[in-house]
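Okay, structure first, notes after.
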Amino acid sequence: MEIALVLTLLVIAVVLFATEKLSVEIVTLIMLIILASARIISPEEAFAGLSSDFIIIIASIFILSAALQETGILDFAVVRLVRLAHKSTNLMLFIVMMVTGVVSAFMNNTTVTAMFVTPLVGLSRRTSTSASKLLMPLAFAAILGGTCTLIGTSTNVAVSGYIAKSGLPPIGLFEISGIGFAIFLVGVIYMMTIGQRMMPDRGDQELTEEYKLQKYLSEIVVLLDSPLVGQLVFASDLTSLNFRILNIIRGEDNFLPDFRTRIQEKDVLLVEGDLDNLIKVKETKGIKIMADVILAEDLQTEAIRLAELLVVRQSNLIGNTVKEVNFLQRYGLVVIAISRHGETLRTKIGSIQLQLGDLLLVQGSSERLKQLRTSNNVALLGEFEPILFRKRKGIIAFSCFAVAILLGTLKILPLSIAFLLAAICSILFRCISTEKAYSAIDFKLLILIGGMTAFGTAMENSGAADFLAEGIVELLGSLGKMAVLSGFVILTVLLTQPMSNAAAALVVVPVALRAAVEMGADPRAFAIAIMLAASVSLVTPFEPACILVYSPGKYKFWDFIRIGSPLTLLLIIVILLLVPVFWPM
């Protein structure tokens, strides 16, 4: 009965993770409540994962990474890199991938990807190189670079914590560096050769053409006897017909309306709306439709520009609508369209919940756009203005990180204490404020990892892990240990499609450990193989680092399948060949 309940919950969790009907942390907490209520795990076991030392390591690394960004030292390095590499596309690609991999070995790969996206898009436009040639390799390098050290990804830290709880020694900081570097190097060679030839070349278009805006935009002239005269722009008869007034031409002035702007006689309103409603409004007294279609130039002047904004990780816009965050009041910009996974969303812009990787086409003053360069919520694509490099603070932040690695490597302090000390020092030395340190921590990820660790305990307590392990050994055991290991690696790669990498690894590891014990194999080798497999699934763009480059690179879903599938297969082979070499079974 308990086995059936645990496996049923697992299937439900996979479905909910895939459909995103509920946020992952809510799904995880609901599972813990059910498991504890059914007495499969105790309350202490349910929340043990949330209080473990690997949660402290992950949270501390989030803070240290944010401190490095806040001081501008990373932007300083990126500027130097971009200047060095701009003369040759191949050289630029190679240097970007190598540096990204090195940085990602010690920082969250999504953060590293976000750090490079804006300067690379800007550089691609200046050098007439398609951004699509650069951004997918960037994301892949960031993901694979995380396999080189224990702290390269939260998945590595979580699996290390789980096997330590199971009685095995935790994974050393650089224990996986040999096989991780081999995985990363194969990825770089593939993307520089086969992958580069397969990469799409999608050059830049005019923004209005790219977002297919023309057929939605019209000019409406307000006549003397119009009932619109005196009405507030955002509460006018036009808004009741789902028209959005993007800007107003009044005499010689062309400006963005705000919530206090009233419509006047002879105003020319640049509006966006459904064509059916445009036909209806033509019959309205007191207005004149100048054109059903307007030109891109009407949306831009010397003072008012169009620009693209990328919603980045940790943005407080994620999960909220444009209306809920008062985007116009907050940023002084009008959101004209949203691009998500290659699809342009134009209707009911105010009610669309924003997601990581969304591209917002906005209109606003040049001054307002410049102010966004220091925003933690969005990145202004095409322009890169590095954060002011605070040299002294940057050196301190980097030193804190380096000392933590040294203390942990030499086992002078436990890793959790070393990184927590470094995070606190970065706050005490004012490399980052306490408020920004808290906001840098991805609490959703911590809840997911802590909860899935408890789910692994439930699989053990209920006998589900034994049940599945016996089934897999019975099915593949006659073919040998490598066949069973291959089965677990492929299962992990498949599970990372609907689930997060960490969740997939923590579901498979308890079963794999039991299977290894049954066959007399080394459980550590199985755990590390699964941990690495969770980080090499590049078949679909569901990984957050890939989501960040999807829209700016103008990729299609098929691009990732076509380019990522052969690479994923190659990396699975590398893992299966090298794991027994480093950790004999």
Side-chain angles (χ1 to χ4, degrees), residues 54 57-58 61 65 96-113 136-163 170-192 195 405 408-409 415 445 449 485 488-490 492-493 495-496 499-506 508-509 512 524-539 542-546 564 566-583:
F54 63 82
I57 294 173
I58 296 170
I61 290 171
S65 298
V96 165
M97 290 190 74
M98 293 302 294
V99 173
T100 300
V102 171
V103 177
S104 188
F106 301 97
M107 288 178 63
N108 176 274
N109 59 51
T110 313
T111 302
V112 175
T113 304
M136 191 186 294
L138 165 69
F140 285 4
I143 293 168
L144 298 180
T147 64
C148 294
T149 69
L150 172 66
I151 61 172
T153 70
S154 54
T155 304
N156 296 354
V157 180
V159 170
S160 176
Y162 186 86
I163 66 173
I171 298 170
L173 187 57
F174 295 104
E175 183 179 348
I176 58 173
S177 295
I179 188 170
F181 180 71
I183 288 170
F184 174 70
L185 193 60
V186 168
V188 171
I189 294 171
Y190 175 89
M191 293 306 293
M192 290 289 298
I405 292 171
T409 304
L415 274 178
L445 180 64
I449 291 174
L485 179 62
F488 281 122
V489 166
I490 293 170
T492 304
V493 169
L495 280 178
T496 56
M499 304 175 71
S500 76
N501 297 354
L506 290 172
V508 178
V509 162
R524 189 180 191 80
F526 274 58
I528 289 175
I530 289 162
M531 178 185 77
L532 294 170
S535 296
V536 301
S537 181
L538 307 170
V539 179
F542 296 141
E543 178 73 22
C546 294
L567 178 55
T568 300
L569 183 59
L570 270 176
L571 297 177
I572 289 174
I573 293 170
V574 171
I575 290 171
L576 293 175
L577 288 176
L578 293 186
V579 163
V581 174
F582 286 94
W583 299 273

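Numbers here are sequence positions counted from 1.
Smallest separation of non-hydrogen atoms from L485 and A529: CD1-CB, 3.6 Å. Nearest heavy atom pair, residue A158 against residue F54, reads CA-CD1, 4.0 Å. Residues A502 and T155 come closest through the heavy atom pair N-OG1, 3.3 Å. Taking both residues in full, the closest heavy atoms of I171 and S160 are given as N-OG, 3.0 Å, listed atom of the first, atom of the second, then distance. For P137 against M191, the heavy-atom pair with the smallest separation is CG-CE, 3.7 Å. Minimum interatomic distance between T110 and P544 (heavy atoms only, all atoms of both residues): OG1-CB, 3.5 Å.
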- Dump the intermediate steps for side chain to side chain contact (heavy atoms under 4.5 Å, CB included) on L571 and L538, then the final yes or no. CA-CA 10 Å; L571 297 177; L538 307 170; 4.3 Å; yes

task: Tell me, with the steps shown, if V536 and V574 meet side chain to side chain contact (heavy atoms under 4.5 Å, CB included).
output: CA-CA 11 Å; V536 301; V574 171; over 6 Å; no

TODO: Step by step, work out the side chain to side chain contact (heavy atoms under 4.5 Å, CB included) result for E175 and I528.
DONE: CA-CA 10 Å; E175 183 179 348; I528 289 175; 4.0 Å; yes

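By the side chain to side chain contact (heavy atoms under 4.5 Å, CB included) test, S177 is found to be paired with T149, F174, residues two or more places apart in sequence or in another chain being considered.
N156 places a side-chain N or O within donor-acceptor distance of the main-chain N or O of G146, the cut-off being under 3.5 Å. Not a single donor-acceptor pair under 3.5 Å links the side chain of T492 to the backbone N or O of A534.
Residues C148 and F106 are not in side-chain contact: their nearest non-hydrogen atoms beyond the backbone lie 4.5 Å or more apart. Using a 4.5 Å heavy-atom threshold, the side chains of F542 and S537 count as separate. Side chains of V159 and I530 form no contact here, defined as non-hydrogen atoms less than 4.5 Å apart. When side chains are defined from C-beta on, I61 counts as touching I57, because their heavy atoms get closer than 4.5 Å. Residues I179 and W583 form a side-chain contact, since some pair of their non-hydrogen atoms from C-beta on lies under 4.5 Å apart. No side-chain heavy atom of V157 sits less than 4.5 Å from a side-chain heavy atom of I449.
Distance check: L567 CG to I572 CD1 gives 10.0 Å after rounding to the nearest 0.5 Å. Expressed to the nearest 0.5 Å, how far CG of L578 lies from CD1 of I176 amounts to 13.0 Å. Of the inter-residue distances, the one linking Y190 atom OH with T568 atom OG1 reads 8.5 Å to the nearest 0.5 angstrom. Considering CD1 of I151 and CD1 of I58, their distance stands at 11.0 Å, rounded to 0.5 Å. Atom CG of L445 and atom CG of N501 lie 10.0 Å apart (nearest 0.5 Å). If you take CG on N109 and OG1 on T147, they are separated by 10.5 Å, rounding to the nearest 0.5 Å.
When each of L144, V102, I189 is tested with F184 by the rule side-chain contact (heavy atoms from CB on, under 4.5 Å), just one qualifies, namely L144.
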